[in-house]
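The shown structure was predicted, so the numbers you read here are calculated from the model rather than taken from an experiment.
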Amino acid sequence: MSLIALVRDVSDAIVRCELTHVPRAPIDVEKARAEHRRYASRLAALGCKVVRLPPEPEMPDAVFVEDVAVVVDEVAIVARPGAASRRAEAHTMAATLEVYRPVVSIEAPGTLEGGDVLRLGRRLFVGRSSRTNDDGIEQLRAAVAGHGYEVRVVPVTGCLHLKSAVTAVGRGRLLINRAWIDASAFKDAECIDVHPLEPFAANALLVGDAVIHPGHFPRTRGRLEARDVPVVAVEMEELAKAEGGVTCCSVIFDRPA
Ligand code: CIR
């Protein structure tokens with residue numbers, strides 16, 4: 001496997017991050033940085049070449065790089081976040097992705113955040129959410145249709161992004177919180193439910209065969225392990241206060257040959 005993982009260091013400004021579904025709590029920036037360092041080390045240990053985007057000390061949510069890009073094998077889409085405070089994050093993302101893929105940018109009035117895009121093979125499930133609108137979804141569809149990807153829209157109401165509610169944890173296997181989305185969109189997959197006491201636990205990051213998952217969700221981890229999913233637990237409690245999870249701290253894609 002030859003994977004690139006784009007990451008960006010935690011900004012001091014993270015204490016002013018966007019919050020939608022979690023109450024504001026004081027963030028210990030050094031603790032968040034330590035979590036992020038260990039997360040990046042895990043990615044490296046799982047075989048990723050970790051590439052750092054330029055730091056953006058004034059941009060509170062810049063560590064959550066997933067939201068400003070969607071990368072498939074043939075093309076990279078630079079997103080236009082629904083959160084206006086996050087739009088400037090896209091500049092350095094575009095410059096970095098140009099090294100690896102042809103780049104298409106989502107333009108106004110479209111909005112799209114990568115946290116709303118779940119790729120399962122050649123199918124992209126896209127959350128229509130408070131951050132991603134129909135125009136953004138249509139621009140994404142236009143960018144990938146010629147490469148053989150089908151785009152399916154999933155309404156998201158109960159949480160921030162589609163991938164807050166459902167992520168892949170293996171081939172044909174999903175981790176899901178059915179309370180937040182209509183699970184019928186995923187009826188062809190084997191769905192593993194989060195533990196009811198851990199509604200935020202559906203966000204898992206599949207890297208090769210391993211699944212990176214926040215350590216503070218032991219009950220859901222137990223459910224994954226009971227199904228023989230190889231879980232790598234990482235500390236994420238501080239970044240979770242910024243409504244971040246494990247997918248949102250990286251953009252992972254195959255390295256061009
Ligand atoms: C935001 O509200 O934009 C950030 N505070 C959290 C973004 C999390 N992104 C993700 O789950 N993909």
Side-chain angles (χ1 to χ4, degrees), residues 3-4 6 20 64-83 86-87 89-90 93-94 96-98 100-178 180-191 202-207 245-248 250-254 256:
L3 296 173
I4 305 271
L6 302 183
T20 310
F64 302 124
V65 290
E66 167 181 69
D67 293 322
V68 284
V70 176
V71 182
V72 294
D73 296 345
E74 302 81 359
V75 63
I77 294 91
V78 174
R80 180 170 181 271
R86 301 199 54 190
R87 291 196 182 135
E89 295 172 31
M93 178 59 85
T96 303
L97 285 175
E98 274 166 11
Y100 303 101
R101 299 280 194 278
V103 169
V104 173
S105 292
I106 302 294
E107 307 290 349
T111 65
L112 180 83
E113 296 196 0
D116 276 317
V117 182
L118 173 64
R119 178 183 173 181
L120 300 178
R122 300 201 74 86
R123 204 166 268 168
L124 300 183
F125 291 87
V126 186
R128 185 197 292 117
S129 70
S130 60
R131 300 289 182 86
T132 294
N133 66 16
D134 285 327
D135 192 287
I137 295 171
E138 285 317 308
Q139 291 184 47
L140 173 67
R141 195 193 302 275
V144 299
H147 300 294
Y149 293 88
E150 179 199 352
V151 168
R152 289 199 184 175
V153 180
V154 184
V156 173
T157 48
C159 56
L160 183 59
H161 290 122
L162 178 66
K163 280 189 280 189
S164 316
V166 58
T167 54
V169 292
R171 191 174 282 273
R173 289 181 130 184
L174 302 176
L175 180 61
I176 191 164
N177 177 345
R178 294 171 204 261
W180 284 348
I181 47 157
D182 178 359
S184 68
F186 303 103
K187 61 180 181 327
D188 297 338
E190 174 193 347
C191 289
N203 186 260
L205 176 62
L206 183 63
V207 183
V246 289
T247 63
C248 57
S250 58
V251 176
I252 298 180
F253 52 88
D254 280 321

Taking every heavy atom of L97 against every heavy atom of A69, the minimum-distance pair comes out as CD1-CB, 3.8 Å
Closer than 3.5 angstrom, by distance alone: can the side chain of D254 be matched with the main-chain N or O of L3 as a donor-acceptor pair? no
Are R86 and F64 close enough, and set up right, to give a side-chain contact (heavy atoms from CB on, under 4.5 Å), and what steps lead you there? CA-CA 10 Å; R86 301 199 54 190; F64 302 124; 3.5 Å; yes
Residue list, side chain to side chain contact (heavy atoms under 4.5 Å, CB included) with A90, at least two apart or on another chain: V78
With a 3.5 Å distance limit and no angle check, can you tell me whether E113 reaches the backbone of G82 through a side-chain donor-acceptor pair? yes
Please round to the nearest 0.5 Å and tell me the distance separating atom CD of E138 and atom CG of N133. 10.0 Å
Could you tell me whether the side chain of R119 and the main chain of V70 form a donor-acceptor pair under 3.5 Å? no
Quiz question: by atom type and distance under 3.5 Å, do the side chains of N203 and T247 form a donor-acceptor pair? yes
Side-chain contact, heavy-atom cut-off 4.5 Å: D116 with R131? yes
Distance-only, no hydrogens or angles: does the R141 side chain make a donor-acceptor pair with backbone N or O of V151 under 3.5 Å? yes
Nearest 0.5 Å please: distance from the CZ atom of F186 over to the CZ atom of R152. 9.5 Å
Taking R80 for the side chain and I106 for the main chain, is one N or O donor matched with an acceptor at less than 3.5 Å? no
Working to the nearest 0.5 Å, report the span between NE2 of H161 and CG of L118. 13.0 Å
Separation between SG of C191 and CZ of R178, rounded to the nearest 0.5 Å: 5.0 Å
Within the 4.5 Å heavy-atom criterion, are S129 and L162 side-chain neighbours or not? no
side-chain contact (heavy atoms from CB on, under 4.5 Å) between R123 and D188, worked out: CA-CA 12 Å; R123 204 166 268 168; D188 297 338; 4.2 Å; yes
Mind checking whether W180 and T157 have side chains closer than 4.5 Å, heavy atoms only? no
Using side-chain contact (heavy atoms from CB on, under 4.5 Å), reason through Y149 and V72 one step at a time and then give a plain yes or no. CA-CA 9 Å; Y149 293 88; V72 294; 3.6 Å; yes
R87 (side chain) donor-acceptor with P81 (main chain) under 3.5 angstrom: yes
Of all heavy-atom pairs linking A204 and V169, the shortest is CB-CG1, 3.9 Å
Taking C-beta and beyond as the side chain, do D135 and T111 meet within less than 4.5 Å on heavy atoms? no
In the structure I gave you, are the side-chain heavy atoms of L206 and T167 within less than 4.5 Å of one another anywhere? no
Output yes when a side-chain donor or acceptor of N177 lies under 3.5 Å from a complementary backbone atom of S164, and no otherwise. no
Should we say atom CZ of R122 is surrounded by more than 12 heavy atoms from elsewhere, each under 6.0 Å from it? yes
Flag, side chain of S250 to backbone of L6, donor-acceptor distance under 3.5 Å: no
So, do L112 and Q139 sit near enough that their side-chain heavy atoms are less than 4.5 Å apart? no
Counting C-beta onward and ignoring hydrogens, is there a side-chain heavy-atom pair between L174 and L120 closer than 4.5 Å? yes
Measure the shortest side-chain to side-chain distance between I181 and V166 over non-hydrogen atoms and say whether it is less than 4.5 angstrom. yes
I need the minimum non-hydrogen distance between H147 and V75, along with the two atoms involved. CD2-CG1, 3.9 Å
Is the backbone N or O of L124 less than 3.5 Å from a side-chain atom of E150, with the two atoms forming a donor-acceptor pair by type? no
